[in-house]
Amino acid sequence: MIKTDGLPMIQIGIIGKTNTGKTTLFNAATLLSAEVSTYPFTTKKPNIGTAYVRTLCVCRELGVKDAPRNSACMDGWRFIPIEIVDLPGLIKGSWSGMGLGDRFLSVASQADALIHVADASGSIDAEGKLTRPGLGNPIMDIYDVEEEIMLWFVKSIAKSVKGIRKKADSGEPLKKSLYRSLAGLKVRPEHIEKALENSSLEKKSVKKWSDKDLNLFAQEIRKLSKPTVIIANKMDMANASTNYERMIEEFKGSFVVPACSEAELALRRAETKGFIRYIPGEEKFQVLNNSELTKEQQWALNYVQERVLTRWVNTGVQFAINMCILKLLGMNTVYPVEDVKKMSDHAGKVLPDAFLIPYHADVRYLAREIHTELEKTMLHAIDARTGLRLPTDYVLKDRDVISIISAARKKRT
Ligand SMILES: Nc1nc2c(ncn2[C@@H]2O[C@H](COP(=O)(O)OP(=O)(O)OP(=O)(O)O)[C@@H](O)[C@H]2O)c(=O)[nH]1
Ligand SMILES: [Mg+2]
């Protein structure tokens, strides 16, 4: 079952000050080669690529040899594709259009979650220029970027609210009007509901909203619709651990992941060239043929081992992506199959696809993800592990292997 229509792929946006390592992280996650340099504002327009979420595949538990199609399976880990967008560095005034910032912010607003990269080594100054490591202040950098995002959200939401006020007498419920005008920011109805509740605006007419009300509401929408992981990048460098400690203290309510994007990039590239065996997110790598490595390559791999893996367990890149998708967005994985005995599609491919679905999604949702036509013609589903028949409103569990029975398929069998 190849996903032919249904909902678009989940997207993560990478934001942060210039020179913090956003593109390095993007290249590591996608193995693309977008331009990286020590100059500020190297990235001029967004880069889009495919990254992967690492999940425990069901193949070993079920004792089958799988043949993945929409994803990949390495050593029992299923890597499921998502979209990742690398954005140009944000600067003060981005929200109002400085440095084309508002255009990039509108790209960021299309994401389901954000990764906010900060330079934990403190090697960039407030303008993003390289400085003596330790002089930069990653905590201020995070606040600066966050302020730009907030101001942009306030501006966009104020515009929507102005439009809604004009039509406030049309009789349309406020939640519906807000959803209609904010859907472009990938804001979902449940975000609106919760944001109104958290800012105590459920019962207040939109015509009476003060600027303070609007700010509060915008803040809630930003938090709920763009959950964010903070990356403390460049953890290989001196000073980084002190700043990392400060960051976890300062941003207690957020996930702060220590990372070294450059190490992940080095490991993935060495793996592609066949020098090492490395599974993204792993705590170790294995050199396959030491004699083929140049002195520089040996030095680089030693550096990664000593400065990153030994100190920080893993490079943090895969961990942060997983955090976004599995923890912040609460996605589950599900494996649709056609033949429940072989756990395969009609062509005999075993466990061909793994889909990411929200934790509250039911069988009907999955059918729609596969094809809108299937949603219309479905009768029920079967749990491939137990053979049990499941109703269309059965809420899927993580790692479910499911066969959807439609009128057309029933006729065939
Ligand atoms: N030591 C160290 N350097 C890193 C790391 N990640 C990135 N860098 C370096 O930081 C510099 C900036 O990296 P980029 O990936 O271009 O940063 P960016 O945030 O995309 O920058 P802009 O596109 O200009 O906003 C480059 O010299 C990278 O090699 C890391 O984990 N450790
Ligand atoms: Mg860049």
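Counting convention: from 1, in listed order, for ligands and their atoms alike. Any value given below was found using the heavy atoms of this structure, including those in side chains, with hydrogens, waters and symmetry copies removed.
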Is the distance from the Mg ion (ligand 2) to some N, O or S atom of Thr23 under 2.8 Å?
yes
Do any N/O/S atoms of Thr43 come under 2.8 Å of the Mg ion (ligand 2)?
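Yes - counting backbone and side chain alike, Thr43 has an N, O or S atom under 2.8 Å.
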What part of [X], side chain from CB on, backbone N/CA/C/O, both or neither, has a heavy atom under 4.0 Å from ligand 1?
X: Met237; answer: side chain
X: Asp236; answer: side chain
X: Ser37; answer: backbone

Heavy-atom contact under 4.0 Å between Pro40 and ligand 1?
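Right, Pro40 reaches ligand 1.
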Work out whether the distance between some heavy atom of Tyr39 and some atom of ligand 1 is less than 4.0 Å.
yes
Taking Ser403 for its side chain and Glu338 for its backbone only, find out whether a donor-acceptor pair lies under 3.5 Å.
yes
Can you check whether Tyr365 and Phe355 have ring centres sitting under 6.0 Å from each other?
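Centroid distance Tyr365-Phe355: not below 6.0 Å, so no.
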Going by atom types only, do [X] and [Y] share a side-chain donor-acceptor pair under 3.5 Å?
X: Asn322; Y: Gln318; result: yes
X: Thr50; Y: Thr30; result: no
X: Asn27; Y: Thr24; result: no
X: Thr310; Y: Gln305; result: yes

Which residue and non-hydrogen atom of the protein lie closest to atom 9 (C) of ligand 1, and at what distance in Å?
Glu262 OE2, 3.7 Å
Checking a contact table here: which protein heavy atom is nearest atom 15 (O) of ligand 1, and how many Å away?
Thr24 OG1, 2.6 Å
Does an N or O from [X], backbone or side chain, lie closer than 3.5 Å to an N or O of ligand 1?
X: Lys234; answer: yes
X: Glu35; answer: no
X: Ala259; answer: no

Check Leu114, Leu329, Asp112 against Pro227 for a side-chain contact (heavy atoms from CB on, under 4.5 Å) and give me the one that passes.
Leu329
If you compare Leu90, Thr315, Asn233 by their heavy atoms, the one closest to atom 6 (N) of ligand 1 turns out to be Asn233
Can you confirm whether Tyr143 is buried at OH, in the sense that more than 12 heavy atoms of other residues, nucleotides or ligands lie under 6.0 Å from that atom?
yes
